Peer 1: 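First, the structure itself, so that you have it in front of you.
Small disclaimer: the values here were computed from a predicted structure and weren't measured. As a basis for the values below, the full set of heavy atoms in this structure was taken, side chains included, without hydrogen atoms, waters or symmetry mates. Both ligands and their constituent atoms are indexed starting at 1 by order of listing.
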Amino acid sequence: DTLINQIAAGEVVERPASVVKELVENALDAGARRIDIDLEEGGVRLIRIRDDGGGIPATDLPLAVSRHATSKIASLDDLEGVATLGFRGEALPSIASVSRFALISRHDGSPHGAALEIDGGRVGDVSPRSHPQGTTVEVRDLFFNVPARRKFLKAERTELGHIEEWLRQLALARPDVELRVSHNGKASRRWKGEGDLLSEVRLHEALGEEFANHALRIDHAAAGLRLHGWIAQPVYNRASADQQYLYVNGRAVRDRSVAHAVKQAYADVLFHGRQPAYVLFLELDPRRVDVNVHPAKHEVRFRDARLIHDFVYRTLNDALAETRA
Ligand code: ADP
Ligand code: MG
């Protein structure tokens with residue numbers, strides 16, 4: 001039902017960057033190794049995401065765009081240890097209800113592709129369409145039928161900036177996936193697939209030469225926790241918190257307690273008002289963290305927050321102390 005989907009869209013789809021996030025996460029869930037992201041007018045006019053993942057069988061296209069249809073939860077156990085990025089089955093119907101939408105896909109092993117178009121929530125018929133293995137989702141004229149929402153979209157530059165920032169955050173976590181971005185018909189960014197580990201190259205590309213030159217490699221495990229990534233030496237610090245990237249089990253999150261632990265680790269070497277720069281990955285048993293606190297999953301809740309705070313503080317404080325010794 002279009003109205004219900006539009007209401008859900010209020011939660012899922014805030015702006016073009018949230019559409020990019022949902023669609024790229026779907027592509028990653030489908031096992032994509034390469035994702036092409038074409039944008040026009042900051043994503044407001046067009047967002048087209050093409051992946052080389054497993055694809056969707058033609059007969060499943062209508063299901064993929066219906067509410068609460070997700071192929072990603074097999075049991076309640078899965079809900080506990082969610083390995084996939086999305087699992088609510090809401091993104092596609094929500095986005096399709098507030099745009100001119102097309103889903104085109106060819107499933108692994110099927111000889112032909114197929115397409116399904118939805119115009120502001122009105123679902124068309126599945127028709128044959130040639131497509132390489134994988135999926136393309138096209139979202140045109142976001143909020144064309146919800147003027148009250150469209151009015152709140154910002155200038156092209158601003159919306160593009162939000163998309164680029166989210167992609168940077170992703171590129172740091174997924175160096176194994178190639179990302180190509182174009183804006184208004186011009187190639188604007190290419191993240192080459194660099195292998196499993198975040199390479200210095202990608203770090204350098206994402207955060208700049210200065211960060212890369214001052215980055216300390218961190219990798220420490222204890223008590224079932226592992227913290228790895230890079231922190232900048234204290235001489236490289238920032239007036240704003242713009243280079244603070246934290247990932248929990250591969251997912252970018254904001255967490256006050258961990259952010260506080262990092263700042264504490266720097267407390268005696270960073271003068272007042274300066275901010276540390278870091279890219280840190282915390283890995284732990286998924287049962288020790290609740291990721292379903294926030295619909296967009298930006299926040300997490302740790303079962304043993306105190307222990308994690310102290311582990312992060314100690315690991316980083318030791319690493320920083322070593323550079324001074
Ligand atoms: P969720 O990701 O929460 O399952 P979505 O609405 O984002 O819900 O997607 C619905 C379903 O459509 C997914 O469960 C998946 O089966 C299918 N799907 C969406 N995007 C892709 C894609 N890029 N490749 C393969 N399957 C996809
Ligand atoms: Mg999804």
Peer 1: Using a strict cut-off of 4.0 Å, indicate which atoms of ligand 1 neighbour a heavy atom of D51.
Peer 2: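 Close to D51: 22 (C), 23 (N).
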Peer 1: With heavy-atom distances below 4.0 Å as the criterion, list the atoms of ligand 1 near E90.
Peer 2: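 Near E90, the atoms of ligand 1 are 6 (O), 8 (O).
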Peer 1: Looking only at distances, please establish whether an N/O atom of ligand 1 is found under 3.5 Å from an N/O atom of D29.
Peer 2: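 N/O-N/O distance under 3.5 Å: no.
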Peer 1: Does a side chain donor of either Y236 or Q243 reach within less than 3.5 Å of an acceptor in the other side chain?
Peer 2: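 There is such a pair between these side chains.
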Peer 1: Can you tell me which portion of E25 lies within the under-4.0 Å heavy-atom range of ligand 1? Options are side chain, backbone, both, or neither.
Peer 2: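 It is neither part, as no heavy atom is under 4.0 Å.
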Peer 1: Charged N to carboxylate O below 4.0 Å: is that the case for R50 and D36?
Peer 2: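 No, this pair does not count.
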Peer 1: Out of S94, A64, A30, G53, who gets a non-hydrogen atom closest to atom 24 (N) of ligand 1?
Peer 2: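 It is A30 whose heavy atom sits nearest to atom 24 (N) of ligand 1.
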Peer 1: Between F311 and H220, is the ring centroid distance below 6.0 Å?
Peer 2: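 Between F311 and H220, the centre distance is under 6.0 Å.
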Peer 1: Please determine whether the number of non-hydrogen atoms from other residues, nucleotides or ligands lying under 6.0 Å from atom CZ of R45 exceeds 12.
Peer 2: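 Check fails, neighbour count at 12 or below.
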Peer 1: Counting each atom of ligand 1 from 1 as listed, which ones have a heavy atom of A91 under 4.0 Å away?
Peer 2: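 Going through ligand 1 atom by atom, the ones under 4.0 Å from A91 are 6 (O), 7 (O).
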Peer 1: Taking distance alone, with N or O pairs closer than 3.5 Å, would you say L92 contacts ligand 1?
Peer 2: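 Yes; the residue has a nitrogen or oxygen that sits under 3.5 Å from a nitrogen or oxygen of the ligand.
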Peer 1: Has ligand 1 got any nitrogen or oxygen that is less than 3.5 angstrom from a nitrogen or oxygen of L23?
Peer 2: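 Min N/O separation from ligand 1 is not below 3.5 Å for L23.
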Peer 1: Against the six-membered ring of W191, is R189 placed for a cation-pi contact (under 6.0 Å from the centre, within 45° of the normal)?
Peer 2: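 Judged by the rule (NZ or CZ under 6.0 Å from the ring centre, within 45° of its axis), R189 counts as positioned above W191.
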Peer 1: Which option wins on minimum heavy-atom distance to atom 5 (P) of ligand 1: N26, V24, V65?
Peer 2: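 The option holding the nearest heavy atom is N26.
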Peer 1: Checking H260 against Y313 for the ring-ring contact (aromatic ring centres under 6.0 Å, His included) test, could you report, in this order, the C-alpha distance in whole Å, the side-chain angles of both residues, the deciding distance, and whether it holds?
Peer 2: CA-CA 9 Å; H260 176 266; Y313 167 74; 8.8 Å; no
Peer 1: Identify the heavy atoms of I35 and A27 that sit nearest to each other, and give their distance.
Peer 2: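 Of all heavy-atom pairs spanning I35 and A27, the closest is CD1-CB, 3.8 Å.
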Peer 1: Hey, does E22 sit under 4.0 Å from ligand 1 if you only count heavy atoms?
Peer 2: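 No, that is not the case, since the closest heavy atom of the residue is not under 4.0 Å from the ligand.
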